[in-house]
Each structure stands twice: as C-alpha cells, then as structure tokens.
Amino acid sequence: MMSTALLEDTVLSPTAGRLYRRQNALTGLLFGVGLAVLGWFIALNTVQSNENFGSDMTVAVTMTCWVIGFNIGIGTFNAVFAWVLGHDQSREDELYGAGVSQGRSRYFKYCTDHKVVGTQYLILVFVLFFVGGTLAMMIRTQLLTPNSSFLSPQTYNAVVSIHGMCMIIATIIMVSGPFANFIMPIMIGAKDMAFPRLNAMSFWVVVSAVPPLLATFFVGGVNAGWTTYAPLSVQDGPAMICFAITIITFVVSVTVAGINTLITVLTMRAKGMTFSRMPIFVWASVIGGGLGLYAMPAFLLAMTLMVADKATGTSFFVADQGGSGWLWENVFWIMGHPEVYVILIPPVGALMEVLSTFSRKPVFAYKMIIGAMTGVAGLSIMVWAHHMFTTGWAPDLAGPFMLTTELISIPTGIIFLAAIGTLWRGSNWVRLPMYFGFLFIWNFIVGGVTGIYLSDVPADNYFHGNMFVTAHFHYTLLGGAMIAATAGLCYWFPKVTGRMLDERVGRWAFWLIAIGFQVTYMAQFYEGFKGMPRRVANYDPVFRPENLVSSIGAYVLMAGWVVLLYALVSSWRNGAIAPANPWSAKSLEWHTETPVPLENFLQDPLVINDPYGYGGVASEQIHAVFGAHAHHGANNGDHTS
Amino acid sequence: MSSNQLHNDDSILEDLAPEVDRDLHSKHVRGTALLWLIMTVGGVLCGIYLTPRLMPHMFAKEGRDAVLTVQVFTVVAAPVAALVCAVALYSLLHTRHRASLEHPPKDGKPLRGNALASGAWLIVSTLLVVFLLFWGLTEWSAQQVVHADSLTVNVVGNQWVWDFEIPAQKVRLEGDKSLIITKAISMSQLNLPIDVPVTFNVTSKDVTHGFWPVNLGIQVDANPRATTTVHATPDRLGKFVVRCSQLCGLNHAYMYTEANIVSDSTFEAWVAGGATKPIGSLIAKGAA
Ligand code: HEM
Ligand SMILES: [Cu+2]
C-alpha cells in the first residue's frame with residue numbers, strides 16, 4: 001500500500017481514469033438534455049397521439065431519458081460497461097477516480113473519495129434547503145393576510161407540494177449524505193466506504209432527481225401535496241409524472257447509499273473497533289440507513305404504480321375502476337412513517353456526539369440509546385395508519401395503531417434520558433454546536449408531546465388535517481432533526497472545511513433561528529387549536545392575527561438561516577485555520593490531520609476503548625493508538641489527556 | 001492504585017451514597033428539583049386553564065372529549081417534559097463552563113449510566129403510556145356506541161362543495177315526539193335539531209375530501225365509491241363551520257359551509273315549510 005503523502009503528489013499517467021477523464025457535470029448535463037430531447041421527439045411522434053395519456057407518456061419518457069442520459073454523461077455506468085467489455089480498472093484508474101491531482105474540479109466529477117462525496121452532498125443539501133426555504137417564504141407571504149392573491153390557488157398548491165417534497169428529500173440526505181459519508185468512515189477507522197463507486201453513484205443519481213422536481217412548476221404544477229393522495233394525484237397533469245420520476249430516482253440513490261453504509265460498517269472497521277466501541281453516530285447511521293432500506297422501496301413501488309395509472313391507464317388507485325385511494329394512502333405511509341425516523345435517527349446520533357464532547361462526559365446509557373434507536377426503528381414500521389385515523393379505512397384498527405404509536409414514546413423517551421443524563425453534571429462547554437443541542441431538546445419535547453395528542457384517536461379527530469399537524473411535524477423535523485443536524489454541522493465544520501466557524505456570527509444566526517422558529521410554529525399550533533385547516537391558500541379572517549405572527553416569525557427564521565449560511569460560507573473561505581482537534585474530542589475523525597488525507601490515516605488506528613472516556617481513569621481516556629508510535633498517536637492534537 | 005483511580009472510585013461512591021459528598025450532590029439535585037417543580041406546576045396550570053381557552057366551544061361530547069384529552073395529556077406530560085427541561089436548564093445555568101470560548105479545564109463526571117435512573121425512567125414512561133392508551137381506548141369506545149334511532153344524514157363531497165341530504169325517515173325528537181320526513185331534504189348547509197343523535201354517511205363524487213364539522217370534534221374522509229360513517233349528538237344551539245380537511249385540489253380552501261344547530265320546534269317548522277327557507281330566518285323569528 002502506498003503511503004498517503006505519496007498519493008497526494010502522485011502524477012498519474014495521462015490515460016489514467018480513461019473515460020472518466022472526459023466526464024464531469026457538464027457532460028452529464030449535455031447527455032441528459034440530449035437524450036431527453038431525443039426521447040421527447042420520439043414520444044411526440046408516437047405515444048403523444050394517445051388522447052388519454054399521450055402527454056403523460058411523453059413526459060415520462062422525457063424525464064426517464066434525462067435521468068439515464070445524465071448518469072451516462074457523468075460516468076455512473078462506466079464501470080459496468082468496462083466490466084462487460086472486460087477492461088479492469090488499474091490502481092491508477094482508481095486513484096484518478098478518487099480525485100488524485102485534480103484540484104477543485106474533482107467536486108464536479110464522478111469522484112469516489114468519500115470525503116469529496118460528503119462535501120458534494122453538503123452543497124446539494126444547502127441548495128435544496130435554499131429552494132425549499134424560498135418556497136416556504138412564498139407560502140408564508142401568501143398567508144400574511146386572509147384574502148391575499150400573491151399566489152393563485154393553483155400556484156399555491158404547486159408551491160406547497162414541492163416545498164414539502166424538496167424538504168423531505170433534503171432532510172433524508174442532510175446527515176446520511178454529508179456526515180455518514182465524510183465523517184462516519186473516518187470514525188470507524190476505514191480508508192473509504194466499502195463501495196466507493198456506488199458512493200459516487202448515490203450522489204449523482206440524487207442530483208439527477210432534482211431537475212424533474214423543479215420541472216413540475218413548468219408543466220402545470222403538482223396539485224396534491226407531498227403526500228399526493230389518489231385519486232386527486234391521478235387527475236393531476238404531467239407534473240405528477242415528473243414528481244414520480246424524482247421519487248423513483250431518489251429511492252435508487254437512498255437504497256444504494258444505505259447498502260453502502262451498512263456494508264461499510266460491517267466490514268471496514270479498524271482493528272479493535274468492536275460494536276460496543278462504535279460511536280453512537282455510527283450506530284445511528286446504520287439504523288437510519290437500514291430503516292431506509294425497508295421504507296424507501298415502498299415509495300418506489302407506489303410511484304411506479306402511480307406512473308402506470310397515469311400514463312398507461314391501469315387503475316391501482318382509481319376507485320371508479322376498481323382501485324382504491326386507501327391503497328395509496330397505506331403504501332404511502334408504510335413508507336412515510338418509517339421515513340420520518342430515517343430522517344430523525346442519524347441527526348440524533350450526531351447530537352449525542354455533540355453532547356458528549358461538549359459536556360466532557362461519556363454518553364449516558366450507551367447501550368440503552370442503541371436499544372432505543374433500534375426500538376424506534378422497529379416500532380416505526382408498525383404505526384403507519386396513525387396518519388389514517390380519520391380516513392374511514394379499517395376503523396377497528398384504530399385501537400391497535402393507537403397502541404403502537406404510543407408505545408414508540410417509550411424508546412423516544414430514552415433518547416431524552418440519554419441526552420439529559422449526558423448533560424447532568426457535565427463540564428458544559430457551551431459552544432455553537434451546544435447551542436443547537438439545547439434548542440433541539442426544547443423543540444423535540446414540544447414535538448413529542450404534541451405527537452401524543454395526535455396519537456389519541458378522539459383528539460386526532462379534531463386535529464387531523466389542520467395546522468396543528470403542520471406545527472407538530474415542523475417541531476419534530478425542522479426543530480428536531482434539522483436543528484440536531486445543524487449542531488452536527490457546526491461540530492464537524494472544522495474537520496470538513498479545515499476552518500473554524502465564525503462563532504460570533506453563528507450565535508446571531510442561532511438566536512434568529514431559535515426565536516423565529518418558536519414564533520412561527522407556536523402561532524401555527526394556535527391556528528390548529530382554533531380549527532384552521534392546513535394546505536389552504538386563503539383562510540377565514542378569524543385566523544388573521546396568528547397568521548400574521550406566524551409569517552413574521554417565518555421571515556425571522558429565514559433570516560437566521562441566511563445569516564448562518566453567510567457564517568458558513570465566509571468561514572469556509574477565510575476562517576481561521578482549524579487545528580486537527582479543536583474540541584479535544586476522542587473519536588477517530590479528530591485524530592487524523594485536517595485536511596484529512598486521502599485514505600484518511602497516515603498510520604492505521606488500533607481501537608482500545610469506546611470514544612467516551614472523558615473524566616475516566618487514564619486507561620479509559622484513550623480511544624485508539626496509531627501505528628507503532630502508540631503514544632504519539634493517542635495524543636495527537638489532544639490537549640486534555 | 002494511581003491517584004487518578006482513587007479519584008474515580010470516589011465519584012462512584014458519591015453517586016451510590018449521596019452522604020459521601022452530600023453538599024455538592026444535594027446542591028445539584030435541589031436546584032434541579034426546584035426548576036422541575038416550577039415547570040411542572042406551570043405545565044399543569046397551562047394544561048388545566050390555558051388549553052381549553054385555545055379551542056373553540058364544542059357542540060358535541062366528541063368535541064369536548066378532544067379538549068379534555070388535550071388537558072389531561074398536557075397535565076400527564078408536564079412532569080416528564082419538565083424534568084427534561086429542568087436538567088437541561090440547570091446544566092446550562094449552573095454547570096456551564098463560563099469562559100465559553102476557552103476549553104474547559106476539566107472533564108465532567110464520568111457517569112456512564114445509572115440503573116436506578118434508567119429503570120425508574122422506563123417504568124414511569126411505561127406507566128404513562130399505559131395510561132394514555134387506557135384513556136384513549138375508553139374515550140374512543142364510548143364514542144363508538146351507536147344510537148338505535150339516530151337521524152341519518154348523507155354527506156357528499158364534490159370538488160368543491162358539500163351536499164347534505166336528510167333521507168325520508170322518522171326522526172325521534174325529545175320527549176318521545178317524532179317527526180316524519182316524507183320526502184328527502186337536500187341542503188347545502190348542515191341543519192340539524194339539537195340533542196338528536198346523528199349518523200353521517202359520507203362519500204364523494206370525485207376525489208377524497210375530509211368531512212370536518214369543526215365544532216363537533218369528529219372527522220371522516222369522503223372517499224369515492226365508499227361510504228364512511230361517523231356519529232355525533234349536537235347539544236348546543238348555534239352555528240359553526242363545516243370544512244374540508246383533506247387537500248382536494250384547486251379550491252380546497254373554499255370548500256366550507258355553515259352548520260346550524262336549532263331547536264326541535266325550529267327544525268319542525270323548517271321541515272313543515274318544505275325545508276327550502278334558510279333556517280336562519282326561522283331562528284330570527286324567535287322560533288328557537
Ligand atoms: C412521540 C412521538 C410522535 C408521535 C406520537 C407522533 C404522532 C403523529 C401522528 C398521530 C400523526 C398524524 C397526525 C394526523 O395527520 O392527523 C403525526 C404526523 C406527523 N408526524 Fe409525528 N409523531 C411523533 C414524532 C414524530 C417525529 C419524531 C417526526 C419526524 C422526525 C414526526 C413527523 C411527522 C410528520 C411528517 C407528520 C405529518 C405528515 C403529513 O401529514 O404531511 N413525528 N405524528
Ligand atoms: Cu407517523
């Protein structure tokens with residue numbers, strides 16, 4: 001094995017990487033657009049003439065061609081073609097693929113280095129949040145006043161639907177993309193992910209899923225919300241096809257990423273990294289990724305049948321022709337409820353790392369947290385019909401689903417126990433990640449308590465379909481998962497970018513976010529209590545004051561995110577150079593250089609304890625030793641021990 | 001044994017037997033307990049007095065059940081939520097390392113778990129969940145009791161209006177009076193007599209809608225090709241709004257109408273008059 005220093009300076013032969021040398025985001029775009037135009041042209045002259053589903057078929061063909069073309073252009077299929085043709089990749093090809101000697105341009109290429117993929121995901125997540133956030137501002141602007149006509153009802157529905165799905169996609173990948181890729185392999189002492197090429201694939205496939213989502217706006221807009229209940233969605237125009245192609249493509253990406261995470265953790269751990277020494281974040285990535293493998297394929301299936309209904313005249317979900325809207329609702333939520341925990345569990349894992357590092361204490365009840373996350377994941381596949389209490393489907397199952405839903409509060413409670421147990425009598429170092437940690441605790445308490453109202457069938461008969469539900473899931477998803485992910489982002493920022501995050505500006509952002517968030521969504525709880533339905537473009541003037549307050553809160557909240565984005569970007573460009581281990585943390589990612597070298601470690605780590613030995617006896621304090629120079633390695637950049 | 005080791009043994013003792021380090025230990029516990037008490041009391045008071053004021057007056061037991069559930073669940077959740085907040089707040093206020101940009105001089109107590117705390121937490125949260133479940137099931141099953149001679153009302157959702165129909169039937173009013181409806185009554189508002197149990201049969205002509213007579217506290221979807229049923233007994237005179245709670249397309253926001261709960265005599269008079277006049281005009285005449 002070559003040493004890392006050598007890798008960095010290696011001059012590769014001019015043919016290394018072969019086809020990959022010629023491929024980048026631009027060729028992807030060209031191939032994607034080219035194939036899409038070709039597909040569109042062919043469809044126009046063949047299937048378009050079918051009066052029932054001509055335009056749906058045309059859009060389906062065009063969008064599918066885009067996705068395939070883009071992935072041909074970027075290089076997703078190169079290795080498959082090469083394998084079929086009998087070319088094997090040489091070590092040089094692999095090094096080229098990992099981005100050696102390509103500078104910044106590797107971020108625009110099919111790059112297999114997990115750190116590059118993680119960074120690419122991070123940027124994509126920013127972009128998606130920016131798009132989703134802009135749509136959110138449009139929604140709140142429309143709702144400033146009762147009879148506003150800022151958006152037409154048609155546009156309003158389109159904006160609400162895409163806001164929802166854009167945010168769901170962003171939150172699913174916000175931790176599993178950047179951090180499970182960049183940080184997690186280093187945490188377990190691996191040189192890369194188990195399947196580096198699949199890793200690059202998972203990123204570029206999700207990139208190709210985004211344009212169809214935005215294209216919905218130009219072909220009539222999605223009318224049916226992010227939940228796209230049938231038969232309304234089946235009535236929708238070709239925008240629904242674009243939406244479905246986005247989901248199908250996205251599921252491919254998430255599935256590939258999930259398998260990669262699982263296999264990496266199973267097979268690539270450093271010597272001594274037993275399961276009971278693994279950082280909680282690694283466990284969380286595995287559990288979240290594994291749950292995704294259960295949940296997401298249901299979405300792919302549902303959307304495939306939806307495309308069939310719309311573009312070929314099947315009737316899986318059309319009651320008038322023997323199908324059933326309830327079938328859609330069931331399959332959707334069989335995906336949809338586990339999916340909220342696919343979103344939540346990885347950020348909670350990141351949060352536990354933050355709490356432990358900054359309270360200078362071991363995580364409290366390590367094994368119980370793992371059990372709790374597993375329990376949440378297991379139960380979450382059995383609660384889906386709590387979204388269907390009021391649909392009239394299977395009234396006799398209301399009781400059992402109330403049971404499973406309320407049971408999930410027990411493992412969820414253990415996560416709180418672990419969080420406060422970790423803080424209790426810590427030497428709490430309240431830096432920016434910790435600010436967001438405290439905010440998570442408050443928000444998630446509110447989200448959890450309002451969840452138990454909704455799990456009660458008689459109460460849900462009042463709250464379902466009203467703004468209370470909207471406020472509940474924003475408290476859990478935005479206030480919970482996304483705030484925890486932000487804590488993780490501020491925590492790992494120095495490792496990912498090599499720079500310290502500007503904490504002064506960051507704190508300003510924090511206060512705007514914290515306060516703006518409470519104002520926005522507390523006002524929405526109030527709207528819900530009063531009986532305002534959700535997903536409405538205009539509302540009864542009796543709801544005027546609280547909507548005004550909610551919109552103002554939303555502007556403050558958005559301002560907070562913009563300030564945070566400013567802090568991130570400016571620090572990334574000119575921040576103070578970060579030391580290898582600015583927080584004196586114990587897990588492995590802090591015990592290798594910053595910037596992290598290709599293949600991550602100069603010397604192989606040997607793990608001897610879990611990474612939570614804070615305040616313990618000397619022998620517990622050390623998580624891992626490196627190579628022959630054990631003592632040098634263990635103290636690398638760590639000024640406490 | 002190294003000095004480090006000794007120190008560690010000390011701290012373990014301290015947890016098991018508070019008297020070893022009573023001062024320090026009880027200071028933290030007392031501070032947190034005080035915060036917990038204040039927040040619990042606050043939460044309980046909010047649950048009892050604030051939450052019912054946030055919700056509208058309900059016109060049926062089902063609606064009042066929802067309000068009561070919010071009250072009870074808030075009260076039950078308050079001690080747990082307060083404990084989490086108290087520990088977090090206490091950590092923030094009292095064990096925080098002051099010069100926050102500087103690295104803390106020492107680590108915190110290495111508590112890796114505590115069987116007592118975890119066990120107690122598990123038992124308490126399980127008991128609470130059992131209570132929530134018991135509460136919900138009891139309330140829900142009481143709501144399922146169907147009155148033998150209830151008034152049947154057919155509800156049909158269309159994009160984007162509600163249609164109601166009272167089919168021909170004999171309606172049992174109060175005091176064993178009965179009112180015979182000979183010809184089906186169609187209406188665009190939901191007019192109902194007070195204190196008569198109603199069964200709503202709900203369906204849709206197009207997409208899925210959500211039948212939500214807000215202040216009755218009941219809801220059920222209107223699905224095409226299926227009939228779903230809900231029950232309620234309006235027991236308060238007045239009017240409220242019937243909304244659509246399931247996104248149903250372009251004009252979903254405008255799919256609402258009025259519900260009027262009127263006295264028996266007004267209802268009878270309205271039916272006698274051919275059920276064509278707006279029922280409000282009859283109330284105005286003082287028939288109520
Ligand atoms: C104690 C924990 C929780 C309970 C008991 C709970 C319960 C519920 C129930 C019963 C609903 C359906 C409400 C309705 O539509 O009438 C709901 C909606 C929802 N919950 Fe939760 N929830 C909990 C935690 C969470 C968490 C942790 C997340 C996400 C991270 C979450 C995300 C959502 C979302 C996204 C919806 C609504 C989706 C939609 O209709 O568009 N919930 N919750
Ligand atoms: Cu759910």
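Each chain gets a letter, A, B and so on, in the order its sequence line appears, and its residues count up from 1. Computed over heavy atoms, backbone and side chain alike; hydrogens, waters and symmetry mates excluded.
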With chain A, which of [options] has the greatest number of heavy-atom pairs at distances under 4.5 Å?
{"options": "B/N223, B/V130, B/N215", "answer": "B/N223"}
{"options": "B/A115, B/A86, B/G210, B/S118", "answer": "B/S118"}
{"options": "B/P224, B/A66, B/A88, B/A81", "answer": "B/A88"}
{"options": "B/V70, B/V67, B/L89", "answer": "B/V70"}
{"options": "B/V241, B/T32, B/D206, B/T51", "answer": "B/T32"}
{"options": "B/T69, B/V76, B/V230", "answer": "B/T69"}

My understanding is that only one of B/K106, B/H103, B/K109 makes a side-chain contact (heavy atoms from CB on, under 4.5 Å) with A/R360; could you say which?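 In the set B/K106, B/H103, B/K109, the residue that makes a side-chain contact (heavy atoms from CB on, under 4.5 Å) with A/R360 is B/H103.
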May I ask you to name which of [options] has the most heavy-atom pairs under 4.5 Å with chain B?
{"options": "A/F416, A/F525, A/F389, A/F358", "answer": "A/F416"}
{"options": "A/W326, A/W442, A/F463, A/Y526", "answer": "A/W326"}
{"options": "A/Y539, A/Y612, A/W393", "answer": "A/Y612"}
{"options": "A/A365, A/A459, A/G392, A/P362", "answer": "A/P362"}

Heavy-atom contact with chain B under 4.5 Å, split by part of [X]:
{"X": "A/V363", "answer": "backbone"}
{"X": "A/I420", "answer": "both"}
{"X": "A/I445", "answer": "side chain"}
{"X": "A/N157", "answer": "side chain"}
{"X": "A/D460", "answer": "backbone"}
{"X": "A/Y229", "answer": "side chain"}
{"X": "A/A418", "answer": "neither"}
{"X": "A/A224", "answer": "backbone"}
{"X": "A/Y156", "answer": "neither"}
{"X": "A/M368", "answer": "side chain"}
{"X": "A/T391", "answer": "both"}
{"X": "A/F438", "answer": "side chain"}
{"X": "A/W583", "answer": "backbone"}

Under 4.5 Å from a heavy atom of chain A, the part of [X] involved:
{"X": "B/M58", "answer": "side chain"}
{"X": "B/R112", "answer": "both"}
{"X": "B/Y254", "answer": "side chain"}
{"X": "B/Q159", "answer": "side chain"}
{"X": "B/I218", "answer": "backbone"}
{"X": "B/A77", "answer": "side chain"}

Quick check: closest heavy atoms across [X] and [Y], and the distance to 0.1 Å?
{"X": "B/A253", "Y": "A/A537", "answer": "CB-N, 3.6 Å"}
{"X": "A/F364", "Y": "B/L111", "answer": "CD1-O, 3.8 Å"}
{"X": "A/P231", "Y": "B/V207", "answer": "CG-CA, 3.8 Å"}

Parallel, tilted or perpendicular: which one describes the rings of A/W424 and B/H28, with boundaries at 30° and 60°?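 Plane angle over 60°, so perpendicular.
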Side chain to side chain contact (heavy atoms under 4.5 Å, CB included) for B/E139 and A/D456? Distances and angles first, verdict last. CA-CA 9 Å; B/E139 232 179 21; A/D456 182 90; 3.9 Å; yes
Rounded to the nearest 0.5 Å, what's the gap from [atom1] on [X] to [atom2] on [Y]? Could you check?
{"X": "B/C248", "Y": "A/Q235", "atom1": "SG", "atom2": "CD", "result": "10.0 Å"}
{"X": "B/L50", "Y": "A/F529", "atom1": "CG", "atom2": "CZ", "result": "8.0 Å"}
{"X": "A/Y453", "Y": "B/Q71", "atom1": "OH", "atom2": "CD", "result": "10.0 Å"}
{"X": "A/T227", "Y": "B/L247", "atom1": "OG1", "atom2": "CG", "result": "7.0 Å"}
{"X": "B/L132", "Y": "A/E406", "atom1": "CG", "atom2": "CD", "result": "5.0 Å"}

Can you find a pair of side-chain heavy atoms, one from [X] and one from [Y], that are under 4.5 Å apart?
{"X": "A/I441", "Y": "B/C85", "answer": "no"}
{"X": "A/Y462", "Y": "B/E62", "answer": "no"}
{"X": "A/I410", "Y": "B/L122", "answer": "yes"}
{"X": "A/R425", "Y": "B/V87", "answer": "no"}
{"X": "B/D221", "Y": "A/T390", "answer": "yes"}
{"X": "B/P110", "Y": "A/K361", "answer": "no"}
{"X": "B/D107", "Y": "A/S427", "answer": "no"}
{"X": "A/M402", "Y": "B/L137", "answer": "yes"}

Go through the steps to decide whether B/Y90 and A/L423 satisfy the test side chain to side chain contact (heavy atoms under 4.5 Å, CB included), and finish with yes or no. CA-CA 9 Å; B/Y90 186 83; A/L423 288 173; over 6 Å; no
Please say whether more than 12 non-hydrogen atoms of neighbouring residues, nucleotides or ligands are located less than 6.0 Å from NZ in B/K239. no
Can you confirm whether B/Y256 is buried at OH, in the sense that more than 12 heavy atoms of other residues, nucleotides or ligands lie under 6.0 Å from that atom?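 Result for OH/B/Y256: open.
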Might you work through the salt bridge (Lys or Arg N to Asp or Glu O under 4.0 Å) test for B/R225 and A/D320, ending with a clear yes or no? CA-CA 7 Å; B/R225 300 267 162 168; A/D320 281 341; 2.9 Å; yes
Audit row: B/W140, A/N461, side chain to side chain contact (heavy atoms under 4.5 Å, CB included) steps and yes/no: CA-CA 10 Å; B/W140 178 235; A/N461 280 339; 3.6 Å; yes
Might you work through the side chain to side chain contact (heavy atoms under 4.5 Å, CB included) test for A/V449 and B/T74, ending with a clear yes or no? CA-CA 8 Å; A/V449 171; B/T74 311; 5.8 Å; no
Verdict with reasoning, A/H464 to B/S245, per side-chain hydrogen bond (donor to acceptor under 3.5 Å, both in side chains): CA-CA 7 Å; A/H464 177 75; B/S245 58; 5.3 Å; no
